[in-house]
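Values reported hereafter were calculated over all heavy atoms of this structure, with side chains retained and with hydrogens, waters and symmetry mates removed. As the structure lists them, so they are numbered: ligands from 1, and atoms in each ligand from 1.
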Amino acid sequence: MTAAIVIGANSSIAQSVIERLLSDRKVEHVTAISRNTNPDLQSKFASSLRWICCDYSEVAIKQVCISLHAQEKNFSHVFICNGLLHSAQVAPEKRLEDINTEKLQTIFHANTIVPMLWLANLAPLLKSEIDCSVAVFSARVGSIEDNCSGGWYAYRASKSALNMLIKTASIEFWRRAPNVKLIAFHPGTTDTQLSKPFQTNVPKGKLFTPKFVASSLLEIMESLDRDGGAEFIDWQGEPIPW
Ligand SMILES: NC(=O)c1ccc[n+]([C@@H]2O[C@H](COP(=O)([O-])OP(=O)(O)OC[C@H]3O[C@@H](n4cnc5c(N)ncnc54)[C@H](OP(=O)(O)O)[C@@H]3O)[C@@H](O)[C@H]2O)c1
């Protein structure tokens, strides 16, 4: 039975990914993991969706991965969607004076540490006879080479650090589980809670729906070769400089 894991499952894009995977029968079963439940999706796909609530502590992540191991499924798709740009306490920095310890720690924890703890703990589950694509949600602003506009220190740097961790992990995966392909994915500016305060200057036609992004990502995952390298790519499948 082919199966998928979607982490950060209450992200708007993640919800569209789950809908797409199960409506199109791309996989037979999805395990969704989030801090909160989602009664609508859970009742819509009651027979094919297992929903796990997790506070993303290291202990809880390990426990979830142990329970996934017991399911004995072959995972063909993994999506790690966690990301934080702003909250009631945190706004992206416009200038150096806006930087502080708490902000850096909060953003790095959500964007870098939590996704990497998942990837590390999932590693033993993903080695199998079938190909497995792992999309970790990054952002173009995490590209060091592409950084022309500055600002958003914590968010940018947390995604750059995430990219480095993905690239480094891909070298180990190639040795330990060559069936796994790692993708650092930039969805483009997508109409979600995360981008809401920053949508004013988005050019016409460049604010994507979560549905569009989910479909694009699934097509890209089908098309990529398992060549042992990690890819940093956007919603069109175009490479982004690391
Ligand atoms: N929207 C855009 O324009 C855009 C552009 C570039 C990159 N991205 C990236 O795309 C991904 C999905 O974002 P989205 O646009 O769908 O945003 P969203 O709807 O706001 O989803 C936020 C995601 O982050 C998780 N999350 C929130 N706070 C967290 C915390 N403190 N610790 C750990 N996880 C936390 C949520 O998990 P729960 O399920 O547990 O709530 C959810 O998966 C993110 O990685 C984001 O950086 C988005």
Side-chain angles (χ1 to χ4, degrees), residues 5-20 30-42 49 51-58 60-61 64 78-90 92 102-119 134-143 146-147 149 152 154-163 165-166 183-203 205-214 216-217 220 232-236 238 240:
I5 303 170
V6 181
I7 298 161
N10 267 315
S11 129
S12 302
I13 302 172
Q15 292 177 57
S16 292
V17 166
I18 294 168
E19 290 257 5
R20 206 71 247 186
V30 171
T31 301
I33 300 160
S34 174
R35 292 164 302 170
N36 302 299
T37 57
N38 186 319
D40 289 347
L41 270 184
Q42 286 174 260
L49 178 63
W51 196 280
I52 301 175
C53 284
C54 175
D55 63 8
Y56 302 140
S57 65
E58 193 165 351
I61 289 173
V64 169
V78 177
F79 304 84
I80 304 178
C81 304
N82 305 76
L84 182 63
L85 173 58
H86 61 89
S87 70
Q89 292 77 35
V90 176
E102 199 185 336
K103 203 180 292 182
L104 285 168
Q105 283 177 341
T106 302
I107 296 290
F108 268 78
H109 188 262
N111 294 351
T112 316
I113 295 171
V114 168
M116 203 51 204
L117 286 175
W118 280 112
L119 191 58
V134 180
V136 187
F137 280 63
S138 181
R140 186 183 295 278
V141 296
S143 165
D146 192 66
N147 184 1
S149 51
W152 293 17
Y155 185 76
R156 271 181 199 284
S158 66
K159 294 291 191 183
S160 303
L162 176 67
N163 287 352
L165 291 165
I166 293 167
I183 304 162
F185 179 66
H186 168 61
T189 308
T190 309
D191 188 10
T192 69
Q193 200 53 40
L194 183 138
S195 70
K196 271 284 183 282
F198 311 100
Q199 293 178 358
T200 324
N201 296 325
V202 179
K206 291 289 181 197
L207 180 63
F208 304 132
T209 63
K211 267 187 186 169
F212 167 76
V213 172
S216 305
L217 174 56
I220 290 165
F232 182 22
I233 50 174
D234 68 12
W235 76 97
Q236 301 172 101
E238 292 295 325
I240 300 171

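Here's the thing with Ala9: one of its N/O atoms is less than 3.5 angstrom from an N/O atom of ligand 1. On a distance-only criterion, Thr192 and ligand 1 share at least one N/O pair closer than 3.5 Å. Ligand 1 has no N or O atom lying under 3.5 Å from any N or O atom of Val114, backbone or side chain. Between Asn82 and ligand 1, at least one N/O pair is under 3.5 Å apart. Between Arg35 and ligand 1, an N or O atom pair is found at a separation short of 3.5 Å.
Close approach of ligand 1 to Gln193 (heavy-atom distance below 4.0 Å) involves ligand atoms 20 (O). Atoms of ligand 1 lying under 4.0 Å from any heavy atom of His186, numbered from 1 in the order shown and given with element: 6 (C). Near Thr189, meaning under 4.0 Å from any of its heavy atoms, are these atoms of ligand 1: 3 (O). Atoms of ligand 1 found under 4.0 Å from any heavy atom of Ile13 (numbered from 1 in listed order, with element): 15 (O), 16 (O).
Under the 3.5 Å distance criterion, the side-chain polar atoms of Thr190 are left unmatched by any main-chain donor or acceptor of Pro210. In this structure, the side chain of Thr112 engages the main chain of Ser158 through a donor-acceptor pair within 3.5 Å. In this structure, Ser34 contributes its side chain and Cys53 its backbone to no donor-acceptor pair below 3.5 Å.
The option with the heavy atom closest to atom 7 (C) of ligand 1, from among Gly83, Ser138, Ser16, is Ser138. In the candidate list Thr37, Asn36, Leu207, Leu194, Leu194 is nearest to atom 46 (C) of ligand 1, counting heavy atoms. The residue among Cys53, Ser34, Ala32 with a heavy atom at the shortest distance from atom 39 (O) of ligand 1 is Ser34. The option with the heavy atom closest to atom 5 (C) of ligand 1, from among Ser11, Ala139, Gly188, is Gly188.
The closest protein non-hydrogen atom to atom 3 (O) of ligand 1 is Thr190 N, 2.8 Å. Of the protein's heavy atoms, Ala110 CB, 3.6 Å lies nearest to atom 30 (C) of ligand 1. Looking only at heavy atoms of the protein, atom 8 (N) of ligand 1 is closest to Pro187 CG, 3.5 Å. Among protein heavy atoms, the minimum distance from atom 43 (O) of ligand 1 is reached at Gly8 O, 2.7 Å. Given atom 44 (C) of ligand 1, the protein heavy atom at minimum distance is Cys81 O, 3.2 Å. Protein heavy atom nearest atom 10 (O) of ligand 1, with residue, atom name and distance: Phe137 CD2, 3.4 Å. From the protein, the heavy atom lying nearest to atom 33 (C) of ligand 1 is Tyr56 CD1, 3.6 Å. Of the protein's heavy atoms, Ser12 N, 3.0 Å lies nearest to atom 19 (O) of ligand 1.
A pairwise comparison of heavy atoms in Phe232 and Ser138 identifies CE1-OG, 3.7 Å as the closest pair. The two atoms that bring Leu85 and Phe198 nearest to each other are CD2-CE1, 3.5 Å, heavy atoms only. Shown here for Leu162 and Phe137, the closest heavy-atom pair between the two residues is CD2-O, 3.5 Å.
Atom CD of Gln199 is surrounded by more than 12 heavy atoms from other residues, nucleotides or ligands within 6.0 Å. Around CG of Asp55, the count of heavy atoms belonging to other residues, nucleotides or ligands within 6.0 Å exceeds 12. Within 6.0 Å of atom CD in Glu58, 12 or fewer heavy atoms from other residues, nucleotides or ligands are found, so the atom counts as exposed in its surroundings. Counting non-hydrogen atoms of neighbouring residues, nucleotides and ligands closer than 6.0 angstrom, the CD atom of Glu102 reaches no more than 12 such neighbours.
The only member of Asp40, Thr192, Asn10 that meets side-chain contact (heavy atoms from CB on, under 4.5 Å) when paired with Gln15 is Asn10. Checked options Ile33, Thr31, Ile5; the residue passing with Val64 is Ile33 (criterion: side-chain contact (heavy atoms from CB on, under 4.5 Å)).
The residue His109 has no part lying near ligand 1, judged by heavy-atom distances below 4.0 Å. Under 4.0 Å from ligand 1, not a single heavy atom of Trp235 appears.
Rounding to the nearest 0.5 angstrom, the gap separating the CE atom in Met116 from the CG atom in Asn111 is 14.5 Å. Note that CD1 of Ile18 and CG of Leu41 are 5.5 Å apart. Values are rounded to the nearest 0.5 Å.
By the 4.0 Å heavy-atom criterion, Tyr155 is counted among the residues contacting ligand 1. Ligand 1 is approached by Lys159 to a heavy-atom distance shorter than 4.0 Å.
Ring planes of Trp235 and Phe208: tilted class, angle from 30 to 60°.
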